[in-house]
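Data first, discussion second: the structure below is written as structure tokens.
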2 protein chains.
Amino acid sequence: MNSEDFRQLGKRTVDYIADYLDTIRDRQVLPEVKPGYLHKLLPKEMPSSPDHWTQILPDIENLIMPGVTHWHSPKFNAFYPTGSSYPSIIGEMLSAAIGCIGFNWMASPACTELEVIVLDWLAKALALPESYLNSSDGPGGGIIQGSASEATLVALLVAKEKTVEHVKKNDPERREADIKGRLVAYASDQSNSSVEKSSLHASITIRLLPSDENGSLRGSTLLEAIEKDIKEGLLPCCVIATLGSTGTCAFDCLDEIGKICNGRNIWLHVDAAYAGSACICPEYRHMLKGVQHADSFDINPHKWLLVNFDCSTMWFKDTTPLINAFSVDRVYLKHGHEKQNILAPDFRHWQIPLGRRFRSLKLWLTLRLYGLSGLQTHIRNQCSLAQYFETLVRNDPLFEIIKPATLGLVCFRAKGEDSFNMELLERLNKNRNLYMVAAHVDGKYVFRYCVCSRLTEASDVESSWSLIANTARLLLKEQEKGAKGLLIRKGQSLSNKKTSNICTTDEHVNITEFIST
Amino acid sequence: MNSEDFRQLGKRTVDYIADYLDTIRDRQVLPEVKPGYLHKLLPKEMPSSPDHWTQILPDIENLIMPGVTHWHSPKFNAFYPTGSSYPSIIGEMLSAAIGCIGFNWMASPACTELEVIVLDWLAKALALPESYLNSSDGPGGGIIQGSASEATLVALLVAKEKTVEHVKKNDPERREADIKGRLVAYASDQSNSSVEKSSLHASITIRLLPSDENGSLRGSTLLEAIEKDIKEGLLPCCVIATLGSTGTCAFDCLDEIGKICNGRNIWLHVDAAYAGSACICPEYRHMLKGVQHADSFDINPHKWLLVNFDCSTMWFKDTTPLINAFSVDRVYLKHGHEKQNILAPDFRHWQIPLGRRFRSLKLWLTLRLYGLSGLQTHIRNQCSLAQYFETLVRNDPLFEIIKPATLGLVCFRAKGEDSFNMELLERLNKNRNLYMVAAHVDGKYVFRYCVCSRLTEASDVESSWSLIANTARLLLKEQEKGAKGLLIRKGQSLSNKKTSNICTTDEHVNITEFIST
């Protein structure tokens, strides 16, 4: 494929992408395929000689699209949003074309420097403490990680090394293995499954502490757990606080937690993967109360700031422990280049992999082509659509709100038994024109309706709601008619006392087991 | 930015990309900028209202390009190649547009299934053992990781958990922390710096064992180290074998190493990041001798198979220990869905992050639009260009070959003192029309000339060589004229006995320190 072919196919691909997104509502959000569908359509081996490029777009439409779950459809209301926008796609194109591997400054100065600059832009837009800025006088700074999972892992690993160093300072004879074997990290039972997974990767015991009636981890609960562990000779080293849990968008009490961590040499990492983006709007910044206590802070612009995955932005109050722990060229770093590193850090020491793509391009273009005002409009629009959805639910006597609209998420259910709700979600997903996942709140099975697509409009919310309400009535009628499995409708609203969601990802797997086999 | 704007900007971007690559030779490969250059050009905060899209491409050209190191220029001969091709860029565009997060099958069936299929295509093209195939009857399979570093980390982490399980089976009372504190991994002193870094992340002691005169780790060296460690009560758990080291493209003796690992419950991971791709050509498959002993095997199509970073393909002989160790929903997995998992695995359990992009698209399109024959031609062409470069060096009495062309890499130097060679590289990089990095071989400072760009032709090799040879002569003349720092040219060729490269990345940093400040 030469450059002339690319000019042709590239431009057709641009049109294909624009057409896809212009008409994404016309597609079913969930595919109809069964596991193994593609194995039947593709050859068992790669072609021995080149296929022709004119075949590519038809194959995308005919082979790939039937198996795609359309995350950018307004009918996609599962999990949380994944970002995408035209500026970001342009950024991906340019990043792919430049194709540099920016592991240090010279490997492509623009790659490092643009990242330094846009991380500062974003930190300022979120009103994060000055100490997180790359341009601050201190040792803090920000970087793009691949995902919130990687950010959590990096935080756990630094916390581990920092604790080892701290313990050994007071007790130089103590064996490192003994210290590492006694480390404990803490998170809320509402934290994302990736937090637990990262603790497995980091070989650190994690306690998923009970949250309160709002789904928040409280300082008192944490303190009790820490003191118990210390009494047993264990070494608390890290707390992962969640701002905007996956289940119900709950918020840990950062301010309470932070004060406890700061006095005890415990690294505080904040996972604000979804909710953090909202803080570009001043009216949501109260959610960050206590952020000044955090050692590291992560949000996913690839969730809610219209940037394509992968772009998880992580800030550190002090990058020194990170570089000390994970650079494998410490001799070089001792040679006093600190001044240069502020403008041109070697980001490879701040992350798990060695190589890195030019990801700041897509973030830069998105921030520029929306501007702060455009991004604020996007966030506010999605929040108000969630509120509108909540109103529709409240006006229907068959349903109840379990958790009112929090940012873009509403948790609700049909009044009555879990079995009815499970069957209802099964039906809805089978219909394939709406995709929601469930969570468990206070032991009850509830639906999560999340406004995800940037294309979502009020009419989409109405269509989705009609589908839900009508399907519920149809199911109810069937059950009443069939006189079997009669729905016992108690009519009472569930209290919103205690949330304890099972990882929605797993819920989702169970649901899809049904619809896919 | 609406879809009409995107159609316009997208098409202009396609032309910009094609123009960039068509004329990449006309640009200096290394930028002239000093650290902080971009900070002076960009505002301190993001724009409050949207910038106009017509400004984007001029800004890319005027602000970004002056700070780009052009990895796809034929004048880029540093490190190893990073892949890029038009089919791969199209794949990135489509992946960005679909923008799904394929953490499990239902999250986008096509995303998982295409990956399963193309990993099998590639495994077959490399003639890997049947047991690595997703479609085999056994528990093996392949996945796309983000980088070779992540593949190494995954291997180390599985090895750790597997060893703990194994030790506890025989000694159930033994404390996990004690076991984890005694784990040891092994690699050659020629292994990439990312291997050492991954061992830091995994909290596993690593021994970088001395390689032989060919830069190869031998079985006897490994065995001696293992036996010594066992005698001291330590627990050997993992060997990272390198096929194609970063310094000189050296190969560990996989066959010898593999037999030692297999009998001792030691996980064998093969890091063939660069060299592995060559095995799509039958004449290079001898390099894989012993691969049947490996538990996991990784190559980077994003290095040498024309696929854009990130696309590191990793195969496992048995994925069970991986899933056992790192899935956080083990209950679900016990419910007997093994049959389905062959066609539709939940790849999130095989990797560090939870989320994953639709990366198989770019691999698929690249394999299809080149075909096996096209990729073989690419590999063979690059190897023959390296041989051509070697000939040019050999024909010049001022220079000596330190390591003959191995795949796309040639190691050479000017005969005589290191100081002359260091000054020469400094001059060459200052010229900015050639980018090489150095390595240390047998205590001598040598240049690595690697054929990297897919656009490289014989005339590029000749230009680069002319620049090197002429610069050397000029420098020699200056030194002789100046009668200070007179070059003592001994004329004798260095033996190619013992290689011991210092991480080329670090070398590179030192070099760039000079040219950038």
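Excluded from the calculations below are hydrogen atoms, water molecules and symmetry mates; all remaining heavy atoms, backbone and side chain alike, are included. Each chain gets a letter, A, B and so on, in the order the sequences are listed, and its residues count up from 1.
Proximity to chain A (any heavy atom under 4.5 Å) is shown, for E176(B), by neither the backbone nor the side chain. Using a 4.5 Å cut-off between heavy atoms, S49(B) contacts chain A through both its backbone and its side chain. For N308(A), the part lying under 4.5 angstrom from a heavy atom of chain B is the side chain only. Heavy atoms closer than 4.5 Å to chain A are found in the side chain of L365(B), but not in its backbone. For a residue to count as touching a neighbouring chain, one of its non-hydrogen atoms must lie under 4.5 Å from one of that chain's; by this rule K44(B) touches chain A with backbone and side chain alike. In this structure, chain B has heavy atoms under 4.5 Å from both the backbone and the side chain of L9(A). With a 4.5 angstrom heavy-atom cutoff, Y20(A) touches chain B only via side-chain atoms. Using a 4.5 Å cut-off between heavy atoms, R12(B) makes no contact with chain A at all. Only the side chain of L157(B) has a heavy atom closer than 4.5 Å to any heavy atom of chain A. Of the two parts of K124(B), only the side chain, counted from C-beta on, holds a non-hydrogen atom closer than 4.5 Å to a non-hydrogen atom of chain A. Heavy-atom distances place the side chain of L42(B), and not its backbone, under 4.5 Å from chain A. Residue contact with chain B, scored on non-hydrogen atoms closer than 4.5 Å, involves the side chain of H72(A) exclusively. Contact of P43(A) with chain B is made through backbone and side chain together, with heavy-atom distances under 4.5 Å. Of the two parts of L122(A), neither the backbone nor the side chain holds a non-hydrogen atom closer than 4.5 Å to a non-hydrogen atom of chain B.
Taking chain A as the reference chain and counting heavy-atom pairs below 4.5 Å, the highest number among H70(B), M93(B), E196(B) is found for M93(B).
Separating the CD atom in Q351(A) from the OG atom in S147(B) is a distance of 8.0 Å, to the nearest 0.5 Å.
Between F6(B) and Y86(A), the angle of the ring planes stays under 30°, which puts this pair in the parallel group of the 30/60° scheme.
Residues F358(B) and I64(A) meet the side-chain proximity criterion, which asks for heavy atoms closer than 4.5 Å. Contact annotation: the side chain of L367(A) approaches that of W121(A) to within less than 4.5 Å [non-hydrogen atoms, C-beta and beyond].
Ion pair D178(B)/R182(B) flagged as a salt bridge, since at least one NZ, NE, NH1 or NH2 atom sits closer than 4.0 Å to an Asp/Glu carboxylate oxygen.
In this structure, F79(A) has its ring center closer than 6.0 angstrom to the ring center of F103(B).
Across all their heavy atoms, E161(B) and L200(A) have their closest contact at OE2-O, 4.4 Å.
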